[in-house]
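This report concerns only the one structure given below.
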Amino acid sequence: MLSLEQIVRDPEKFRTALVRRGEDPPIDRILELDSRRKQLIQDGDVDRARRNNVSKAIGAEKRKPTLEEIAEMRETGERIKTVEAELATVLTELNVTLLPIPNPPLADVPDGLDEESNVIIRTSEGTTETHGNAHWNVATELGILDLEAGASISGARFYVLKGKGAKLQRAIGAWMLDVHTEEHGYTEIDPPLLVRGETMTGSGNLPKFKENLYRDDESDLWLVPTAEVALNGLHQGKIIDPDTLPLKYVAQTPSFRKEQTSAGRDVRGIKRVHQFEKVEMFRYVKPETSDEMLEEMVGEASTLCERLGLTYRVIQLCAGDIGFQSAKTYDIEVWSPGCAEWLEVSSISTCTDFQTRRNNTRYRPEVGASTKLPHTLNGSGLALPRIWIAVIENGLQEDGSIVIPEVLVPYTGWDRIEAK
RNA sequence: GGAGGGGUGGCAGAGCGGUUGAAUGCGCUUGUCUUGAAAACAAGUAUGGCGGUAACGUCAUCGCAGGUUCGAAUCCUGUCCCCUCCGCCA
């Protein structure tokens with residue numbers, strides 16, 4: 001959510017920034033609602049002050065109120081109720097207006113409205129050859145992936161990993177978690193996957209992206225589309241001890257997405273599915289450090305690709321392509337020779353104070369100072385089925401077997417998936 | 001699922017219709033004392049809105065939402081969460 005105070009102070013700044021994302025924010029309406037809000041607050045306060053005075057006097061004098069006082073205070077009470085009702089309407093409308101407005105991009109985010117304008121920051125060493133043996137063929141033949149079983153159990157875009165395929169995924173996840181916790185200083189979290197609507201609103205997924213979320217109506221709980229949602233809710237409504245910043249969390253969880261808006265895209269194999277595992281990094285940081293923290297996280301995700309021996313590239317998204325809650329985003333893509341394409345395996349963003357304002361997460365820079373909103377950053381480190389695809393397709397040998405990256409061997413217990 | 005108990009400031013914990021934003025203790029900050037620290041003593045110490053350059057004033061907030069009342073932390077209703085016991089269950 002955007003800061004109402006900041007919008008009122010410099011409306012044009014917000015308008016221009018949001019126009020870069022291809023948005024046409026209702027700034028004028030917001031300003032109008034805000035001045036109405038201020039007026040109503042003042043009107044109500046005058047009446048309330050009077051009522052407080054009279055009540056205090058009666059209490060101090062230990063007497064019964066006079067009939068005139070009762071009549072007058074009844075009237076005052078009615079007026080207060082009317083003003084409060086109108087204020088509530090105005091506040092609701094302000095909220096409804098502000099919640100669907102995305103985070104304005106930072107100044108150094110490149111212009112552009114779609115992925116055409118994204119910028120390749122760097123490409124690693126390594127092959128970008130193709131061999132045409134996509135995972136949906138190779139892995140199915142090896143008996144480690146069963147797309148038909150997935151479809152039969154749950155429908156399209158669900159899949160089953162079997163045997164060494166399942167173990168491989170488990171190994172990749174465990175290895176990545178270990179690198180993050182042991183080398184990058186993250187604390188591992190195992191959060192709930194079903195969350196309240198408020199938590200979903202705090203992260204920015206509601207109200208705007210309802211159609212991509214699974215929900216249980218009976219209990220009014222939502223399935224997380226990424227661990228980011230849960231990690232973002234970890235401190236909602238709380239004041240964080242400044243000495244603990246930056247707080248670094250990592251979690252491996254399934255992500256549940258309806259993918260209704262990507263109908264027809266990536267339909268083959270397991271590039272885009274309704275349920276997938278992902279290791280997610282998440283940080284709460286002091287605002288002045290968030291730029292440097294973002295770069296650090298890009299480094300952390302990159303090193304994983306590197307150690308897996310994958311060719312990867314880092315892309316900076318343009319203003320029109322960054323996610324709703326993001327102010328600046330880098331994607332990491334790995335080369336997969338079977339699908340013959342770059343697969344997005346990580347998206348790393350700074351959300352500035354957009355999420356912490358929504359869920360009222362604060363910190364007090366020093367004793368006695370007033371509270372501030374920390375910044376949040378999130379990044380995949382990394383997304384599993386796609387890394388699994390890349391490991392399979394890159395490891396494919398002439399004889400049809402798959403060679404596993406060395407770093408994973410302590411986790412799998414074997415270095416190869418034998419050809420059939 | 002059944003029966004009870006409870007949600008008050010950073011924490012613990014009073015208050016149960018009126019001068020209560022809220023006793024007291026702990027914690028924290030500052031000062032006195034001390035070579036320094038500790039102890040002791042003193043003062044201060046919630047968040048947010050609105051007005052104001054500011055000093056300051058004012059309003060709101062005792063889980064949340066309604067209601068009763070001239071007046072609600074205190075009474076009523078609903079709701080969420082926590083705890084205890086019983087039942088069921090991985």
Side-chain angles (χ1 to χ4, degrees), chain A residues 1-10 30-99 190-202 206 215-222 230 233-245 247 254 284 353 355-374:
Chain A
M1 181 141 72
L2 307 185
S3 157
L4 181 59
E5 197 191 333
Q6 285 169 28
I7 293 178
V8 171
R9 201 184 308 139
D10 192 352
I30 291 168
L31 296 178
E32 200 180 302
L33 286 166
D34 184 58
S35 56
R36 185 73 192 128
R37 171 183 144 266
K38 286 176 178 164
Q39 187 57 52
L40 288 167
I41 287 173
Q42 284 176 46
D43 292 351
D45 280 1
V46 168
D47 276 327
R48 263 190 295 259
R50 193 147 53 143
R51 183 171 70 181
N52 287 344
N53 273 330
V54 172
S55 295
K56 253 180 207 167
I58 293 168
E61 293 159 23
K62 293 193 163 51
R63 60 173 173 87
K64 289 283 164 216
T66 65
L67 289 176
E68 292 77 50
E69 279 170 337
I70 291 179
E72 199 202 333
M73 287 306 108
R74 274 211 179 118
E75 224 175 90
T76 307
E78 288 309 311
R79 265 204 311 278
I80 291 172
K81 262 185 198 163
T82 313
V83 168
E84 275 178 350
E86 196 181 338
L87 182 61
T89 313
V90 169
L91 290 178
T92 305
E93 194 180 337
L94 260 176
N95 211 29
V96 166
T97 310
L98 284 169
L99 279 175
D190 186 2
L193 307 179
L194 286 159
V195 303
R196 298 174 190 282
E198 295 86 85
T199 306
M200 218 39 118
T201 305
L206 284 178
R215 170 173 186 262
D216 174 49
D217 286 324
E218 204 176 84
S219 54
D220 191 22
L221 287 170
W222 304 72
L234 218 46
H235 299 283
Q236 55 197 160
K238 292 281 190 292
I239 296 174
I240 298 173
D241 177 352
D243 297 335
T244 63
L245 295 176
L247 279 170
Y284 293 85
D353 58 11
Q355 293 179 317
T356 49
R357 181 174 298 107
R358 283 182 167 237
N359 56 32
N360 195 25
T361 299
R362 292 161 297 162
Y363 76 103
R364 196 185 304 281
E366 45 205 288
V367 179
S370 63
T371 55
K372 282 180 80 174
L373 297 167

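The sequence lines fix the lettering, A, B, ..., with proteins before strands; numbering per chain opens at 1.
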State whether [X] places a side-chain N or O below 4.0 Å from either non-bridging phosphate oxygen (OP1 or OP2) of [N].
X     : N     : value
A/R51 : B/G71 : yes
A/K38 : B/U58 : no
A/N52 : B/C59 : yes

- Describe the nucleic acid contact of A/R50 in one word from base, sugar-phosphate, nothing, applying a heavy-atom distance below 4.0 Å.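 A/R50: no heavy atom of the nucleic acid under 4.0 Å.
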
- Reckon A/E69 touches a base, only the sugar-phosphate, or nothing at all at heavy-atom distances under 4.0 Å? nothing

Would you mind reading off the distance between [X] atom [atom1] and [N] atom [atom2], rounded to a whole angstrom?
X      : N     : atom1 : atom2 : result
A/I80  : B/A60 : CD1   : C1'   : 12 Å
A/D220 : B/C64 : CG    : P     : 20 Å
A/E78  : B/C70 : CD    : C1'   : 12 Å
A/M73  : B/G18 : CE    : C1'   : 15 Å
A/R37  : B/G48 : CZ    : P     : 14 Å
A/Q236 : B/C64 : CD    : C1'   : 14 Å
A/D47  : B/U58 : CG    : P     : 16 Å
A/E198 : B/U79 : CD    : C1'   : 12 Å

**Request:** Report yes if a donor N or O on one partner sits less than 3.5 Å from an acceptor N or O on the other, where the partners are the side chain of A/D45 and the base of B/G49; otherwise report no.
**Result:**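 Flag set: donor-acceptor pair detected.
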
Nearest-Å distance once atom [atom1] is located in both [N] and [M]:
N     : M     : atom1 : result
B/G78 : B/C26 : P     : 41 Å
B/A73 : B/C16 : C1'   : 8 Å
B/A14 : B/U20 : C1'   : 12 Å
B/G17 : B/G13 : P     : 22 Å
B/C81 : B/C33 : C1'   : 49 Å
B/A60 : B/G25 : C1'   : 28 Å
B/U61 : B/U24 : C1'   : 23 Å
B/G2  : B/A23 : P     : 40 Å

Please list, pair by pair, any protein nitrogen or oxygen found under 3.5 Å from a nitrogen or oxygen in nucleotides 19-22 of chain B.
| residue | atom | partner | partner atom | Å |
| --- | --- | --- | --- | --- |
| B/U19 | O4 | A/K62 | NZ | 2.6 |

Taking only the side-chain heavy atoms of [X] (C-beta and beyond), determine which of [options] contains the nearest atom.
X      : options             : value
A/A49  : B/U58, B/C70, B/C50 : B/U58
A/R196 : B/C70, B/C50, B/C81 : B/C81
A/K64  : B/G49, B/G18, B/A60 : B/G18
A/I41  : B/U68, B/U58, B/G49 : B/G49

Spacing of [X] atom [atom1] and [Y] atom [atom2] [to the nearest 0.5 Å]:
X      : Y      : atom1 : atom2 : value
A/I7   : A/L98  : CD1   : CG    : 5.0 Å
A/M200 : A/L194 : CE    : CG    : 9.0 Å
A/T76  : A/N52  : OG1   : CG    : 11.0 Å

Does any donor atom in the side chain of A/Q39 or A/D43 lie under 3.5 Å from an acceptor atom in the other side chain? yes

The salt bridge (charged side-chain N to carboxylate O under 4.0 Å, His left out) partners of A/R50 (sequence neighbours excluded) come to A/D47, A/E72

Base partner of [N], which must satisfy Watson-Crick or wobble distances under 3.5 Å:
N     : answer
B/U68 : none
B/G1  : B/C86
B/A40 : B/U32
B/A54 : none
B/U45 : B/G27
B/U74 : none

Legend entry - Lys/Arg N to Asp/Glu carboxylate O, A/E5 vs A/R357, below 4.0 Å: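 Not counted as a salt bridge, because no side-chain N and carboxylate O are separated by less than 4.0 Å.
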
* Answer yes when A/E93 and A/R36 have at least one side-chain N-carboxylate O distance shorter than 4.0 Å, and no when they do not. =>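 Answer for the salt bridge query: no.
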
Would the distance check show the side chain of A/R358 and the main-chain N or O of A/T201 forming a donor-acceptor pair, the cut-off being under 3.5 Å? yes

Is there a donor-acceptor pair closer than 3.5 Å between any side-chain N or O of A/T66 and the backbone N or O of A/E69? yes

Per side-chain hydrogen bond (donor to acceptor under 3.5 Å, both in side chains), A/Q236 is matched among A/T361, A/T199, A/T356 by A/T199

Could you check A/P65 against A/N53 and say which one's nearest nucleotide on RNA chain B is further toward the 5' end?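 On the 5' side of the pair lies A/N53.
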
